[in-house]
Number of protein chains: 2
Amino acid sequence: MNLSKTSEYALRIMSYMAMDDKKLHRANDIFESLQIPFRYLRKQMTNLTKSGIIISVQGKNGGYRISRSIGEISLLDIIHATGDQQIMTNCFFGFENCALNRQCAMHDKWDEIRQNINQVLASTSLAELNENGPDNFISNNSIQITKNS
Amino acid sequence: MNLSKTSEYALRIMSYMAMDDKKLHRANDIFESLQIPFRYLRKQMTNLTKSGIIISVQGKNGGYRISRSIGEISLLDIIHATGDQQIMTNCFFGFENCALNRQCAMHDKWDEIRQNINQVLASTSLAELNENGPDNFISNNSIQITKNS
DNA sequence: TTAAAATAATACCTCAAGGTATCATTTATG
DNA sequence: CATAAATGATACCTTGAGGTATTATTTTAA
């Protein structure tokens, strides 16, 4: 009933990058601010690049940059970019055909919740998050983690 | 962003048992109707018994029965009975201290969603599900599964 | 042109949720 | 009392998400 860790990470990464949205961010900088396991972060930056939501510049002085205007990127876009297409689409009881055939006893109530969540995620942009105050989405319980390459 | 399979199963099991709430249901009957993997079902029936939401009668002619009035059992109760206490309590970004210390940029919007979900789950009883029509929460894409004990 | 600093690719490891297998225990009934 | 029919306890297997390790590639700049 929560987002996957991968989606949480992606949301934090994109939020962080959006603070300076024209800058080329190095994986190492993101790691030092967000404390996401470094090698996993690296892997995911590549995935996000493949999804097109960020672009990468290889080689020395390389890094990552947000590919579009932060006003045009919704939280739902970010979640989708992680490959998590199934955000709140399933039947409450987990029935495969619920949406198609007969509806389960929770269908209407659950559908309302799903639509609500999707609406909030789709209508909240990175730009809007930024307006809620700088860096308040960065972890505030930072136990220092060492990088190990 | 979905319930655990275990919680889905528990909801289906309880919904099924609620259709005849005074009856002693055998695991085998529940299996034949719901097509939940038999041995996993058996294990979970024992877990639900330990949680107190159902009672078990051992020995020949034994089975399981709902322990309280179905008007008094909410969907949230059932989810909690599976040990899933974390239903929609977490920070959107996954920060540990968000609720306590500084709030993340999504705190208010997300809190509203969480409260909404919890309110619906806590206020919907098994009795109410039953009113939505008999057995419409039973799987309708039943591929016959064999039991193997 | 070579070394250093960055990302990319690939393969592997770990752990918990979901699922399976086996044996033990309880109880009704012939 | 013995058997069958039910649940209980316990241990193990499987799979995918999350995480790690190693090597390759790209690019800048001394």
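Note that these values count all heavy atoms, side chains included, but never hydrogens, waters or copies made by symmetry. All chains are named by letter (A, B, ...) in the order of the sequence lines, taking the proteins before the strands, and each is independently numbered beginning at 1.
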**Study point:** Exam field: side chain B:Asp21 to backbone B:Ala18, donor-acceptor pair closer than 3.5 Å
**Key:** no
Using atom [atom1] of [X] as one end and atom [atom2] of [N] as the other, report the distance to the nearest whole Å.
X       : N      : atom1 : atom2 : result
A:Arg26 : C:dA4  : CZ    : P     : 17 Å
B:Asn28 : D:dA4  : CG    : P     : 17 Å
B:Met45 : D:dA9  : CE    : C1'   : 17 Å
A:Phe38 : D:dA21 : CZ    : P     : 12 Å
A:Leu48 : C:dA8  : CG    : C1'   : 14 Å
B:Asp29 : D:dA5  : CG    : P     : 14 Å
B:Asp84 : C:dA16 : CG    : C1'   : 13 Å
B:Asn2  : C:dA17 : CG    : P     : 16 Å

Compare the minimum distances between each of [options] and the side chain of [X], then state the nucleotide with the smallest one.
X       : options                : answer
A:Thr6  : C:dT7, D:dT28, D:dG18  : D:dG18
A:Lys5  : C:dA8, D:dG19, C:dT27  : D:dG19
B:Thr46 : D:dA9, C:dA9, D:dG19   : D:dA9
A:Tyr40 : D:dT7, D:dG19, D:dA29  : D:dG19
B:Tyr64 : D:dG8, C:dA28, D:dA29  : D:dG8
B:Arg42 : D:dG18, C:dA21, D:dG8  : D:dG8
A:Lys43 : D:dT20, C:dA28, C:dT20 : D:dT20
B:Asn61 : C:dA28, D:dT28, D:dG18 : C:dA28
B:Gln58 : C:dA6, D:dT7, D:dG18   : D:dT7
A:Pro37 : D:dG19, C:dT7, D:dA9   : D:dG19

Review point. Would B:Val120 and B:Ile117 count as a side chain to side chain contact (heavy atoms under 4.5 Å, CB included) if you check the C-alpha gap in whole Å, the side-chain angles of each, and the deciding distance to 0.1 Å?
Key: CA-CA 5 Å; B:Val120 168; B:Ile117 293 181; 6.0 Å; no
Check your understanding: Any ion pair linking A:Arg26 and A:Glu32 (charged N to carboxylate O, less than 4.0 Å)?
Key ->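 Looking at A:Arg26 together with A:Glu32, the answer is no, because their closest N to O distance does not fall below 4.0 Å.
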Check your understanding: Looking at A:Lys5 and A:Glu8, does any basic side-chain N land under 4.0 Å from a carboxylate oxygen?
Key -> yes
Practice item. Please state whether the phosphate of D:dT7, meaning OP1 or OP2, lies under 4.0 angstrom from any side-chain nitrogen or oxygen of B:Lys60. Key: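 Result: no.
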Check your understanding: Reckon B:Arg39 has a side-chain N or O less than 4.0 Å from the OP1 or OP2 of C:dG19?
Key -> no
Practice item. Taking atom types as modelled, find out whether A:Thr6 and A:Thr82 have a side-chain donor-acceptor pair closer than 3.5 angstrom. Key: no
Review point. With distance as the sole criterion, is a donor-acceptor pair present between the side chains of B:Ser33 and B:Tyr16 under 3.5 Å?
Key: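 B:Ser33 vs B:Tyr16: donor-acceptor pair found between side chains.
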Revision key, fill the gap. Residue pair A:Gly59/A:Ser7 against DNA chain D: nearer the 5' end by closest nucleotide is A:Ser7
